[in-house]
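Single-structure report; data block below.
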Amino acid sequence: VKRRCRVPVMAMVRPRRSGFAYSQEDLDVMRRDVELFGEAGADGVVLGVLTASGEVEVAACRSLALLAGGMQKVFHRAFDVTPQPFEALETLIELGFTRILTSGQAPSALEGAETIRALIEQSKGRIEILPAGSVRADNVREFVRATGCSQVHLAPIVAGEDPSTRTHPRISFGVALDSREGAFGRVDETAVREVVAALRAA
């Protein structure tokens, strides 16, 4: 990716799906992943570790942040299930994180706009707030005005299709929610371009 892209690359460090309270073995994998991403030239790592009750797991996050060294350190949407987001913000600043990915603890960034604005105001430039969650070309300008944010996160995915498994459609090789073996997700380039165009026209 670094050989092909001119933009900064952030690498996700997440050992499994479903939650963010990790075992010691999970954390060992995460530490090794941070090291490998650094060796591969990643500009930053995206991670988050919580306690069983949803607070930022300070010791684990500090260890991973220190290991990341000069790379950017992004706390992902685990932030959106922390019980005290404004306290969590201060904790992450203290731990040296450079950015927080958040929908404002709401199903979408638009619904969480008020909280996102409050987080941006509280951060006072000490950490970046990166809003995420259903930001699209038809709402991005309204959203930027409502929050005062300087950046947005996009994840427009469209269905791709690999025809190689069509001869035996009843065979499945995994537990994906979409049981069609030939189906996969890919970035919707058109949707990304539309959001960029909308922002440039703002």
Side-chain angles (χ1 to χ4, degrees), residues 1-14 16-20 33 37 40-48 71-82 85 97-120 123 127-166 169 172-202:
V1 171
K2 285 292 295 182
R3 284 195 296 269
R4 290 175 176 266
C5 293
R6 295 186 301 273
V7 298
V9 173
M10 306 293 137
M12 177 69 79
V13 180
R14 191 177 182 194
R16 60 165 169 78
R17 298 175 62 181
S18 303
F20 310 101
D33 284 348
F37 285 139
D43 298 281
V45 287
V46 184
L47 57 92
M71 287 189 283
Q72 294 185 50
K73 292 164 277 288
V74 183
F75 198 88
H76 57 44
R77 288 194 60 199
F79 183 84
D80 284 330
V81 294
T82 55
F97 279 80
T98 52
R99 186 178 300 139
I100 295 171
L101 183 66
T102 179
S103 65
Q105 299 204 319
S108 72
L110 272 176
E111 293 171 88
E114 185 176 336
T115 297
I116 290 169
R117 173 175 278 282
L119 289 166
I120 291 170
S123 70
I127 193 170
E128 297 176 15
I129 305 299
L130 174 55
S134 301
V135 178
R136 300 289 183 263
D138 62 356
N139 62 27
V140 67
R141 283 188 285 184
E142 172 194 351
F143 179 75
V144 169
R145 285 194 297 268
T147 62
C149 69
S150 60
Q151 55 187 301
V152 293
H153 177 277
L154 306 177
I157 303 297
V158 293
E161 190 74 27
D162 179 335
S164 62
T165 62
R166 289 178 182 167
S172 176
F173 303 102
V175 292
L177 293 177
D178 189 336
S179 60
R180 296 173 301 142
E181 277 299 334
F184 63 93
R186 61 179 177 81
V187 173
D188 185 344
E189 181 180 345
T190 300
V192 174
R193 291 185 182 279
E194 288 173 351
V195 170
V196 172
L199 287 171
R200 285 180 173 161

Open item on the list: If the threshold is 4.0 Å, N to carboxylate O, is there a salt bridge linking D33 and R14?
Closed with: no

- [ ] Please check if atom CZ in R16 has more than 12 non-hydrogen atoms from other residues, nucleotides or ligands closer than 6.0 Å.
- [x] yes

Open item on the list: If I take atom CG from residue L130 and atom CD1 from residue I120, how far apart are they, to the nearest 0.5 angstrom?
Closed with: 9.5 Å

TODO: Compare all side-chain heavy atoms of C149 with those of I129 and state whether any distance is below 4.5 angstrom.
DONE: no

Open item on the list: Would you compute the distance between atom CZ of F37 and atom CE of M10 and round it to the nearest 0.5 angstrom?
Closed with: 12.5 Å

Listing, residues 132-145 side-chain donor-acceptor contacts under 3.5 Å, not counting sequence neighbours, or none:
residue	atom	partner	partner atom	Å
N139	OD1	R136	N	2.8
N139	ND2	S134	O	3.1

Task: Minimal non-hydrogen separation, P156 against V192, with atom names - done: CG-CG2, 3.6 Å

Compile the donor-acceptor pairs under 3.5 Å between side chains in residues 97-113 and protein atoms, sequence neighbours left out, one pair per line.
residue	atom	partner	partner atom	Å
T98	OG1	K73	N	2.9
T98	OG1	K73	O	3.0
R99	NE	E128	OE1	2.8
R99	NH2	Q72	OE1	2.8
R99	NH2	E128	OE1	3.0
T102	OG1	D80	OD1	2.5
T102	OG1	G104	N	2.8
S103	OG	R77	NH2	2.8
S103	OG	D80	OD2	3.0
S103	OG	A106	N	3.4
S103	OG	A106	O	2.6
Q105	NE2	F79	O	3.1
Q105	NE2	D80	O	3.4
Q105	NE2	T82	O	2.6
Q105	NE2	T82	OG1	3.3
S108	OG	E111	N	3.3
S108	OG	E111	OE2	2.9
E111	OE2	S108	N	3.4

Open item on the list: Looking at every heavy atom in both G48 and F75, which two are closest together, and how far apart are they?
Closed with: CA-CE1, 3.5 Å

TODO: Would you give the length of the straight line joining atom OG1 of T147 to atom CD of E114, rounded to the nearest 0.5 angstrom?
DONE: 12.0 Å

Open item on the list: Take a 6.0 Å sphere around CD of Q151 and say whether it holds more than 12 heavy atoms from other residues, nucleotides or ligands.
Closed with: yes

Task: Residue pair E161 / R166, side-chain heavy-atom distance below 4.5 Å - done: yes

Task: Residues that V7 engages under side chain to side chain contact (heavy atoms under 4.5 Å, CB included), provided they are two or more places apart - done: C5

